[in-house]
Amino acid sequence: MAQKNNEQSFQQNSRQVREPAVAGSFYPDNKAELKSMVDEYLNKAELLEINGSIKALIVPHAGYEYSGQIAAYGFKTLVGKPIKRVILIGNSHQEYFDGVSVWNAGNFKTPLGEIAIDEDFADKLINSNPKIIFKESAHLKEHSLEVQLPFLQRILPCSDWKIVPIILGNQGGIDILIDALRNLINDNTLLIASSDLSHYPNYKDAQYSDNKVIQAILSGKRENLQKIISDLEKQGIPDLQTCACGQGAIEVVMGLTGGSDVRLLKSANSGDLSRPERADKNRVVGYMSIAFIDNDSKLNEAEQKILLNLAKQTVENYVQTNKIIEIKETNANLNKHQGAFVTIKKHGDLRGCIGEFKADEPLYQVVIDMAIATATQDPRFNPISEDELDDLEYEISVLSPLRKVNSWKEIEINKHGVEIKQGMRRGVFLPQVATENNWDLNTFMSVLCTQKAGLSADCWKNPKTEIYVFTAQVFPIDKQE
């Protein structure tokens, strides 16, 4: 009991304003000078075309003279975006501690003014896990979050957005924070991971190391990033002290944005400085700006037709020849890593339906794989025969990533598909199942529990049952040509 009381007192934040710690060193402490510098970086940064909404950024945190221009490429993608909450995540440069520290009250201050903390959100985060606390000393001198604020203040000048500053004390806090944030973030939330890349190798070695790390991040898989960094550390690259000083923060963002389109906006290192007399290429630090883009943007009619015809051709070719179609689709949207279900009907009746949420392959390849699985592996039906092919209709459901919810009360019938898990049992219903059967929530969930998961009809109200929701873009067409 004493330990719990100590944790509660540890979480109280009596400090109302966190004063700037690195104004005058990492960036100017004069308001006009700072505003002019940030605006100049933003004006020089190319405004890259982004289709979809920005869910997260990775941006550097060195002194503006070194990394400010690279950071500007990331922040410029936020122009005009309806952001209400910015969650800033960094690894501690000041002290090692167990868990995660969240600044949960008052404001953060820069020479451009004060930014309010989203106190309600921060408190919910702290209350979600005993390893998530408020630890004042982790924030007071930490620069990695502070240097992002002037860019946000110039890009999001209105006062109706708030921040949630988070510092990771060790690697053990990564999964704790992912689990806590997954249940709290919404569509108007932006995640920012603060991280530089390689520290102190020579220019050529930095380019080699940084490119490896960037490619691992672009894969969208945490395990790839972990492996690449482990491999690089074993190579004995001279003077390489770290490959990514904010690896933990990067992993949190990657863990929360699975299935997103990951895009490199700009990278460089301190040896690329615009002032050659200051550029030491024997000892450099690497920087990057990377965006995680929401892949829920809708496929257009032409893209839908490509996938529907691909599913039809795949099934017909496989049933007739036992061979898998091999194609290379160049459409960018069809190359996004998204999950999908393929549904086949015959005379309006279900003939098979199989899909996957994992986004390990491009969408078009997922459709190929799931079309074959639906035609041949659905345990409810015999494999499709050649004499049935002319009578089949195809439907594709392109999926958003799964999102765990705290309660069944968060399920929106006719909008959400649902996956439930209890022990080794699981079941999935696509969102259109409720619409097609005219089911209310109680019927939808009860049938899901009994017929799909083999559990009791009310298992969805059992606290031991994990509930995940997702959305789907569904496009059927009869007798594709």
Side-chain angles (χ1 to χ4, degrees), residues 21-28 37 41 57-74 88-97 138 141-148 151 167-171 174 192-218 222 224-254 264-290:
V22 294
S25 55
F26 278 66
Y27 60 86
M37 175 181 282
Y41 287 138
L57 294 173
I58 303 173
V59 284
H61 57 232
Y64 282 13
E65 177 184 359
Y66 299 94
S67 68
Q69 188 60 68
I70 303 302
Y73 275 82
L88 298 152
I89 309 167
N91 285 70
S92 178
H93 290 73
Q94 302 300 320
E95 60 180 301
Y96 179 93
F97 62 93
K141 296 181 180 180
E142 178 62 45
H143 68 278
S144 62
L145 307 186
E146 179 183 327
V147 297
Q148 317 304 343
F151 278 99
I167 295 294
L168 291 163
N170 59 11
Q171 293 296 96
I174 297 173
I192 292 182
S194 179
S195 182
D196 295 336
L197 288 169
S198 59
H199 277 48
Y200 313 132
N202 64 42
Y203 185 90
K204 184 177 179 180
D205 287 340
Q207 287 186 317
Y208 168 77
S209 175
D210 293 348
N211 181 64
K212 292 283 189 182
V213 172
I214 288 170
Q215 292 306 311
I217 295 171
L218 295 181
R222 287 176 61 195
N224 288 355
L225 177 63
Q226 294 165 351
K227 183 179 186 303
I228 284 295
I229 289 180
S230 177
D231 290 347
L232 287 168
E233 290 173 344
K234 294 174 183 175
Q235 291 180 24
I237 298 173
D239 300 319
L240 178 65
Q241 293 187 9
T242 184
C243 299
C245 59
Q247 179 183 347
I250 296 171
E251 286 195 41
V252 171
V253 163
M254 294 179 74
L264 175 66
L265 304 173
K266 194 71 173 178
S267 65
N269 66 52
S270 57
D272 297 310
L273 283 171
S274 58
R275 296 165 59 184
E277 72 276 9
R278 299 287 298 274
D280 180 2
K281 295 198 174 184
N282 294 313
R283 179 181 167 87
V284 304
V285 176
Y287 313 115
M288 63 182 163
S289 275
I290 288 179

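Residues: numbered from 1 along the sequence shown. Quick caveat, the model's predicted, so the values are computed rather than measured. Values below: all heavy atoms of this structure, side chains included; hydrogens, waters and symmetry mates excluded.
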Report task. Would you please say whether a donor-acceptor pair under 3.5 Å links the side chains of Tyr27 and Glu146? Result -> yes
Query raised in the report: If you look at every heavy atom in Asp205 and Pro201, which pair is closest and at what distance?
Result: CB-CB, 3.9 Å
Query raised in the report: Got a second to check how far His199's NE2 is from Arg283's CZ, nearest 0.5 Å?
Result: 9.5 Å
Query raised in the report: What are the two closest heavy atoms between Leu145 and Gly90, and how far apart are they?
Result: CD2-N, 3.5 Å
Query - side chain to side chain contact (heavy atoms under 4.5 Å, CB included) evaluation trace for Gln215 with Leu218 - result: CA-CA 5 Å; Gln215 292 306 311; Leu218 295 181; 3.9 Å; yes
Report summary line: Only one of Asp272, Asp280, Asn269 passes side chain to side chain donor-acceptor pair (under 3.5 Å) with Tyr203, and that residue is Asp272
Report summary line: Note: Gly68 and Phe151 closest approach over all heavy atoms is O-CZ, 3.5 Å
Donor-acceptor contacts, no H, no angles, side chain residues 236-249, under 3.5 Å, sequence neighbours left out:
from	atom 1	to	atom 2	distance (Å)
Thr242	OG1	Ala244	N	3.4
Gln247	NE2	Glu251	OE2	3.0

Query - Minimum side-chain heavy-atom gap Ile250-Ile290 below 4.5 Å - result: no
Report summary line: Separation between CD1 (Ile229) and OG (Ser198), nearest 0.5 Å, reads 11.0 Å
Query raised in the report: Name the one of Ser194, Ser67, Ser289 that satisfies side chain to side chain contact (heavy atoms under 4.5 Å, CB included) with Val59?
Result: Ser289
Query raised in the report: Under 3.5 Å, side chain of Gln148 to main-chain N/O of Pro60, donor-acceptor pair present?
Result: yes
Requested in this report: Using side chain to side chain contact (heavy atoms under 4.5 Å, CB included) as the criterion, point out the one residue from Leu197, Val285, Val284, Asp196 that pairs with Asp210.
Outcome: Leu197
Report task. Would you give the length of the straight line joining atom NZ of Lys281 to atom CD of Gln207, rounded to the nearest 0.5 angstrom? Result -> 8.0 Å
Query raised in the report: Between Tyr41 and Tyr64, is there a donor-acceptor pair closer than 3.5 Å when you use the side chain of the first and the backbone of the second?
Result: yes
Query raised in the report: Do Lys227 and Asn224 touch side chain to side chain, with heavy atoms closer than 4.5 Å?
Result: no
**Report entry** Main-chain N/O of Ile167 paired with Glu142 side-chain donor or acceptor, under 3.5 Å
**Finding:** no
Report summary line: Minimal heavy-atom distance between Ala193 and Val253, with the atoms involved, is CB-CG2, 3.6 Å
**Report entry** Residues that Glu95 engages under side-chain contact (heavy atoms from CB on, under 4.5 Å), provided they are two or more places apart
**Finding:** Ser92, Phe97, Lys135, Ser137, Ala138
**Report entry** Parallel, tilted or perpendicular: ring planes of His143 versus His61, cut at 30 and 60 degrees
**Finding:** perpendicular
Query raised in the report: With a 4.5 Å heavy-atom cut-off, do Ile217 and Met288 have their side chains touching?
Result: yes
Requested in this report: Let me see the working for Gln235 and Leu232 under side chain to side chain contact (heavy atoms under 4.5 Å, CB included), right down to the final yes or no.
Outcome: CA-CA 5 Å; Gln235 291 180 24; Leu232 287 168; 4.0 Å; yes
Query raised in the report: Which distance, rounded to the nearest 0.5 Å, do you find between the CD of Glu233 and the OG of Ser209?
Result: 9.0 Å
